[in-house]
Amino acid sequence: MNPAFLKQAIELAIASVGRGGGPFGALVAKDGAVVATGANQVTSANDPTAHAEVVVIREACKALGSFQLSGCDLYSSCEPCPMCLGAIYWARPARVFFAATHEQASQAGFDDTFIYRQIEMPAASRTIPMFCVQEPDAGAPFAAWLRKTDRTGY
């Protein structure tokens, strides 16, 4: 854990606030060097998925020429939300370090507790109901994937 990188993630979050963005910043480091930085771009990009962690994962993967962050550490100014947590698991960094907790974020108006609760509920019972529609060809994309001999697993 490099305290300077965590401090830099916090500074990125503060700078984001100064630009009218959300109070979140993140960076990815590998072998003691910063690979990429990111800050919340939700309102500036009109993109609800542009959280700092997602932004920095995208930038770090571009910089490394890989869709995974093997051997990397991700530093975030705040505990990742459920969406970012999912992105982090898909990116597979070695470790994640964060400063503020999700409780602190909640006190500032960024409460993601309801999302954690929604994940646990049956799909049709969620606030935004979700329905699995029985479509005969639903498995076709997976069958095509499994037939592909040169596929890249992830």
Side-chain angles (χ1 to χ4, degrees), residues 1-10 12-13 16 21-22 24-102 105 110-154:
M1 203 296 273
N2 184 329
F5 290 159
L6 195 55
K7 184 159 180 51
Q8 186 176 351
I10 294 168
L12 289 163
S16 177
F24 304 96
L27 66 84
V28 169
K30 185 172 187 172
D31 300 325
V34 174
V35 173
T37 63
N40 182 281
Q41 298 175 11
V42 170
T43 57
S44 64
N46 291 321
D47 181 352
T49 69
H51 289 200
E53 296 90 342
V54 173
V55 169
V56 79
I57 287 168
R58 290 172 180 160
E59 293 303 316
C61 286
K62 284 180 200 171
L64 295 170
S66 175
F67 59 87
Q68 293 184 342
L69 299 177
S70 303
C72 295
D73 289 333
L74 191 149
Y75 291 82
S76 180
S77 64
C78 187
E79 184 175 358
C81 76
M83 177 185 69
C84 294
L85 188 61
I88 288 166
Y89 273 97
W90 281 113
R92 296 180 176 91
R95 302 177 296 183
V96 175
F97 301 99
F98 60 88
T101 66
H102 71 271
F110 298 93
D111 189 2
D112 55 13
T113 305
F114 76 98
I115 299 172
Y116 285 105
R117 290 186 185 132
Q118 293 290 305
I119 292 169
E120 296 172 353
M121 297 175 73
S125 299
R126 295 177 179 153
T127 303
I128 301 173
M130 300 178 186
F131 305 96
C132 180
V133 179
Q134 299 299 317
E135 170 59 45
D137 295 328
F142 301 116
W145 171 258
L146 292 171
R147 285 192 304 272
K148 186 172 173 54
T149 58
D150 62 342
R151 66 183 179 262
T152 302
Y154 57 97

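Just so it is clear, the structure is predicted and the values come from calculations on it, not from any experiment.
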Distance check, rounded to the nearest 0.5 Å: [X] atom [atom1] versus [Y] atom [atom2]?
| X | Y | atom1 | atom2 | result |
| --- | --- | --- | --- | --- |
| Y116 | D111 | OH | CG | 10.5 Å |
| E120 | R126 | CD | CZ | 10.0 Å |
| Q118 | M130 | CD | CE | 7.5 Å |
| I119 | M121 | CD1 | CE | 12.0 Å |
| C72 | D31 | SG | CG | 8.0 Å |
| I88 | F98 | CD1 | CZ | 9.5 Å |

Non-hydrogen atoms of A87 and V54 that approach each other most closely: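 Closest pair (atom of A87, atom of V54, distance): CB-CG2, 4.2 Å.
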Shortest non-hydrogen contact from A36 toward V56: O-CG2, 3.3 Å
Any donor-acceptor pair under 3.5 Å from R95 side chain to D73 backbone: no
All side chain to side chain donor-acceptor pair (under 3.5 Å) counterparts of N2, not counting sequence neighbours: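 By the side chain to side chain donor-acceptor pair (under 3.5 Å) rule, N2 matches no residue at all.
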Pairing residues for D112 by the side chain to side chain donor-acceptor pair (under 3.5 Å) criterion, not counting sequence neighbours: none
Sequence neighbours excluded - ring pair (Phe, Tyr, Trp, His ring centres under 6.0 Å) pairs with any residue from residues 71-97: F5-Y75, Y75-F97
Within 6.0 angstrom of R92 CZ, more than 12 heavy atoms from elsewhere: yes
Within a strict 4.5 Å, meaning less than it, do heavy atoms of the [X] and [Y] side chains meet?
| X | Y | result |
| --- | --- | --- |
| C61 | L69 | yes |
| Q41 | D47 | no |
| L85 | E79 | no |

Test applied, side-chain contact (heavy atoms from CB on, under 4.5 Å); reference residue, F24; option that passes from C78, C81, C84, S76: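 Of all the options given, the one that passes is C78.
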